[in-house]
Amino acid sequence: MREITVDAAIENIAEVTAFVDEQLEAFDCPMKVQMQIDIAIDELFSNIAHYAYKPEVGKATVRVELDEDPRAAVVTFIDNGVPYDPLAKKDPDVTLSAEERKIGGLGIYLVKKSMDDMFYEYKDGQNILIIKKLL
């Protein structure tokens, strides 16, 4: 397990993504899976940056665990911001046209669809969001 802690700011998405990619590449993660995880990082970390601490900037920790049996990448996002469970939000109705749909929620929906598992809990004053992708 490795982790990185940075300011929860949009400009740190590239650093977090590079950190996670380094772990995935060392684990011979398929490029398609790595790209799906990168998109999830972009969405989830940007949500933390935009909403967790506003108007302040707090810290966010991203932890990477690589499992052998079954081969999987587990990425955990931890922040001390306001409690927010992105999984509690109802999925958008993707059968509607873009004009008819309400704004928001599509990014989380796409992450949920591309990952094999997602889990959220608020514990000890921390938001903990875990994504898991089988390799």
Side-chain angles (χ1 to χ4, degrees):
M1 176 192 71
R2 304 243 352 244
E3 64 182 38
I4 185 173
T5 300
V6 297
D7 284 343
I10 294 296
E11 56 267 18
N12 288 328
I13 291 175
E15 180 181 355
V16 170
T17 302
F19 169 79
V20 173
D21 285 351
E22 183 181 322
Q23 314 311 307
L24 295 175
E25 288 164 10
F27 199 60
D28 291 327
C29 177
M31 185 53 67
K32 178 182 178 187
V33 171
Q34 183 176 324
M35 291 178 71
Q36 290 173 317
I37 292 171
D38 287 353
I39 290 167
I41 292 167
D42 188 81
E43 175 63 27
L44 300 173
F45 196 87
S46 68
N47 279 353
I48 294 168
H50 279 113
Y51 305 114
Y53 298 103
K54 289 301 177 197
E56 307 298 319
V57 174
K59 297 289 186 186
T61 298
V62 178
R63 179 180 300 149
V64 180
E65 297 172 79
L66 302 166
D67 298 331
E68 281 292 348
D69 190 19
R71 280 180 54 83
V74 179
V75 182
T76 304
F77 299 82
I78 303 166
D79 69 76
N80 296 306
V82 296
Y84 175 66
D85 180 357
L87 304 180
K89 190 170 186 172
K90 188 172 177 270
D91 288 343
D93 184 349
V94 293
T95 63
L96 298 174
S97 70
E99 294 79 25
E100 294 174 302
R101 269 196 313 261
K102 289 181 182 174
I103 294 176
L106 194 57
I108 292 292
Y109 173 77
L110 293 173
V111 172
K112 283 167 46 176
K113 290 295 181 191
S114 67
M115 294 297 115
D116 291 298
D117 200 8
M118 277 183 84
F119 174 77
Y120 169 85
E121 71 175 330
Y122 186 77
K123 184 178 178 184
D124 300 327
Q126 295 181 315
N127 288 295
I128 302 167
L129 181 65
I130 300 168
I131 59 172
K132 181 175 184 176
K133 183 68 180 174
L134 299 174
L135 307 184

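For this chain, numbers begin at 1 and follow the sequence in order.
Residue Lys112 qualifies as enclosed at atom NZ: its count of foreign heavy atoms under 6.0 Å is above 12.
Hydrophobic clustering of Ile, Leu, Val, Met, Phe, Trp and Tyr side chains at less than 4.5 Å, counting indirect connections, unites Phe19 with Ile10. Val6 and Val57 fall into different hydrophobic clusters, where Ile, Leu, Val, Met, Phe, Trp and Tyr residues are linked whenever their side-chain heavy atoms come under 4.5 Å apart, directly or through other members. Both Val62 and Val33 are members of a single hydrophobic cluster when ILVMFWY side chains are connected at heavy-atom separations under 4.5 Å.
Distance CG/Leu44 to CD1/Ile39: 11.5 Å, rounded to 0.5 Å. Here the straight-line distance linking atom CG of Leu110 with atom CE of Met115 works out to 10.5 Å at 0.5 Å rounding. Note that CZ of Arg63 and CD1 of Ile130 are 8.5 Å apart. Values are rounded to the nearest 0.5 Å. Between the CG atom of Leu135 and the CD atom of Glu68 there is a distance of 9.0 Å, given to the nearest 0.5 Å. The distance from atom CG of Asp79 to atom OH of Tyr51, rounded to the nearest 0.5 Å, is 14.0 Å. Atom CD1 of residue Ile78 and atom OG1 of residue Thr5 lie 8.0 Å apart, to the nearest 0.5 angstrom.
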Self-check item: Check against side chain to side chain contact (heavy atoms under 4.5 Å, CB included), Ile131 and Phe77
Solution: CA-CA 9 Å; Ile131 59 172; Phe77 299 82; 4.1 Å; yes
Practice problem: Would you please test Lys54 and Val82 for side chain to side chain contact (heavy atoms under 4.5 Å, CB included) and show each step? | Solution: CA-CA 9 Å; Lys54 289 301 177 197; Val82 296; over 6 Å; no
Self-check item: Full working for side chain to side chain contact (heavy atoms under 4.5 Å, CB included) between Ile4 and Glu15
Solution: CA-CA 9 Å; Ile4 185 173; Glu15 180 181 355; 3.6 Å; yes
Quiz item: So Leu24 and Leu66, side chain to side chain contact (heavy atoms under 4.5 Å, CB included) or not? Walk me through it.
Solution: CA-CA 8 Å; Leu24 295 175; Leu66 302 166; 3.9 Å; yes
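Considering every non-hydrogen atom in both Ala73 and Ile37, the closest pair reads CB-CD1, 3.9 Å. Contact detail for Tyr120 and Tyr84: the closest heavy-atom pair is CE1-O, 2.9 Å. Closest approach of Asn127 and Gly81 over heavy atoms only: ND2-O, 3.4 Å. Taking every heavy atom of both residues into account, Asp21 and Gln34 meet most closely at CG-NE2, 3.2 Å. Across Phe45 and Ala60, no two heavy atoms sit closer than the pair CE1-CB, 3.7 Å.
Using a 4.0 Å cut-off between charged nitrogen and carboxylate oxygen, Asp7 and Lys59 count as a salt-bridge pair.
Both cation-pi conditions hold for Arg71 and Phe27: the charged atom is under 6.0 angstrom from the six-membered ring centre and inside a 45 degree cone around its axis.
Using modelled atom types and a 3.5 Å distance limit, the side chains of Asp85 and Tyr122 yield no donor-acceptor pair.
Residues Asn80 and Tyr53 form a side-chain contact, since some pair of their non-hydrogen atoms from C-beta on lies under 4.5 Å apart. Side-chain atoms of Asn47 and Ile108, non-hydrogen and from C-beta on, do get closer than 4.5 Å to each other. Residues Val20 and Thr17 form no side-chain contact, since every pair of their non-hydrogen atoms from C-beta on lies 4.5 Å or further apart. Two residues are said to be in side-chain contact when any heavy atoms from C-beta on lie closer than 4.5 Å; Phe119 and Lys132 fail this criterion.
Of the possible donor and acceptor atoms, one in the side chain of Asp116 sits under 3.5 Å from a partner among the backbone N and O of Leu134. Here the side chain of Lys133 pairs a donor or acceptor atom with the backbone of Ser114 at under 3.5 angstrom.
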